[in-house]
Protein chains: 2
Amino acid sequence: MRMGEGVEWGLHCCLALAWLDDLAPIPTRRLAEVFDLPAEYLKKQLQPLVKAGILASEPGARGGYRLNRDPSAVTLMDVVSAIEGGLAPFACMEVRQRGAGASAASSTEFRSPCGITMAMRRAELAWRRELASQTLADLLASTSPAAEQRVRRFLAST
Amino acid sequence: MRMGEGVEWGLHCCLALAWLDDLAPIPTRRLAEVFDLPAEYLKKQLQPLVKAGILASEPGARGGYRLNRDPSAVTLMDVVSAIEGGLAPFACMEVRQRGAGASAASSTEFRSPCGITMAMRRAELAWRRELASQTLADLLASTSPAAEQRVRRFLAST
DNA sequence: GCGAGACTACTCGGATATATTTTGTCCGAGTTCTCAGGG
DNA sequence: CCCTGAGAACTCGGACAAAATATATCCGAGTAGTCTCGC
């Protein structure tokens, strides 16, 4: 159960884009340089963020990506679920309903989800809640001004 | 970020084994029949639980698996981390330390982890805490007695 | 009848294949800039 | 000099390929029961 690296990349890119007041789009090549990442693959990772409406893209020369919403309107959960696909980490297959003797069970027995599923859901919910409680704006406030200056200056140049 | 199906299987098997007061080991073939799972692959999924000391195994004929600890001493986190490998879902690669201008940063800037990492860790911690707060004994108490009876009777037969 | 020993049946554990997902690369459609040529 | 238009440069988006991981299978080591043979 490892989370794809695209999540980390996406979050850093969103943050970097949020630092720019400028609305001019930034191409992936430039973003990739900031973090020393493979440009082509980074582009692929950012695409779902566009689909989710978090980023906006401009094609053609002078094109690139820019933040499409106010940083306070983008939660970490938004970014994570956009890139990871939004599926539940724990997929309950309802194994209890299969196999030996399950057919003999009363019809009401499976009305409510099994205890295991509920426990996993509870844990997952705690995770989601935590991610949803933080926005890009919160991250902006808590990051080092020095780092922000460096990235801004780099992206602004040229 | 999908969790392997082995986790669900492992939990259900632990629960089934916990229902048996009897200490006689249950072979995987029998467990697989209960939930209609592929026996060989289920066996492979249970092996890490043995390594973690949650289950104990007996080789040879009349062999099988049995619970190695009191149900109240096994948390869901124990089972999940045994099967999934216990790695952090979010692996921070510290991308901020690489790439453009990072070398120009002050030596103290990277002393504390970046905000993104901290936020992800917080979320992960909430998840782990939730899983660690529930034991097999809790699940035993919250499951349908009818299901327990069916599984017990099936595993006890023969 | 009784015991000893070989044999069979069954189990776990780990090594070996296959499938699926993740990671990485490439090419086409579209937009902007550049620059040469004509007015 | 200024305008026009063709070409070059650059970008995103999605199709294609390689690598890594999860899923599934197989074989060997070991144990308990069983059956036969000898006493």
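Side-chain nitrogen and oxygen atoms of B/Arg29 include at least one within less than 4.0 Å of the OP1 or OP2 phosphate oxygen of C/dT11. The shortest distance between the side-chain N/O atoms of B/Ser57 and the OP1/OP2 oxygens of C/dG13 is below 4.0 Å. Checking the phosphate oxygens (OP1, OP2) of D/dC12, a side-chain nitrogen or oxygen of A/Thr28 falls inside 4.0 Å.
Comparing A/Ala61 and A/Gly4, the nucleotide of DNA chain C nearest to each residue sits closer to the 5' end for A/Gly4.
The interatomic distance linking B/Glu5 (CD) with C/dA19 (C1') rounds to 12 Å, in whole Å. For the pair A/Leu31 CG and D/dC10 P, the interatomic distance rounds to 17 Å; values are reported in whole Å. Between the CE atom of A/Met3 and the P atom of D/dA20 there is a distance of 22 Å, given to the nearest Å. Computed from coordinates, the B/Glu58 CD to D/dT31 C1' distance equals 10 Å when rounded to whole Å. As a whole-Å value, the separation of B/Trp9 CH2 from D/dA22 P is 14 Å. In this entry the distance linking CZ of A/Arg62 with C1' of C/dT34 reads 12 Å, nearest Å. Put simply, CD1 on A/Ile26 is 16 Å from P on D/dC10, counting in whole angstrom units.
B/Met3 and B/Met77 fall within the same hydrophobic cluster, where Ile, Leu, Val, Met, Phe, Trp and Tyr residues are linked whenever their side-chain heavy atoms come under 4.5 Å apart, directly or through other members.
Residue B/Arg2 has its side chain nearest to C/dT21 when only C/dC33, C/dT23, C/dT21 are considered.
For the pair A/Leu155 and A/Arg30, the tightest heavy-atom approach, listed with the atom from each and the gap, is CD2-CG, 3.8 Å. Minimum heavy-atom separation, B/Thr75 to B/Leu131: CB-O, 4.1 Å.
A/Arg121 CZ: 12 or fewer foreign heavy atoms inside a 6.0 Å radius.
Side-chain atoms of B/Gln134 do not come within 3.5 Å of backbone N or O of B/Leu139 as any donor-acceptor pair.
Of the residues in residues 40-55 of chain A, A/Lys43, A/Lys44, A/Gln47, A/Val50 come within less than 4.0 Å of DNA chain D through at least one heavy atom, sorted by number.
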Trace of the side-chain contact (heavy atoms from CB on, under 4.5 Å) decision for A/Leu55 with A/Leu67:
CA-CA 5 Å; A/Leu55 299 184; A/Leu67 209 56; 3.6 Å; yes

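Nucleic acid contact for A/Pro27: sugar-phosphate only, since backbone atoms but no base atoms lie under 4.0 Å from a heavy atom of the residue.
With salt bridges taken as basic N to acidic carboxylate O contacts below 4.0 Å, none links A/Glu58 and A/Arg62.
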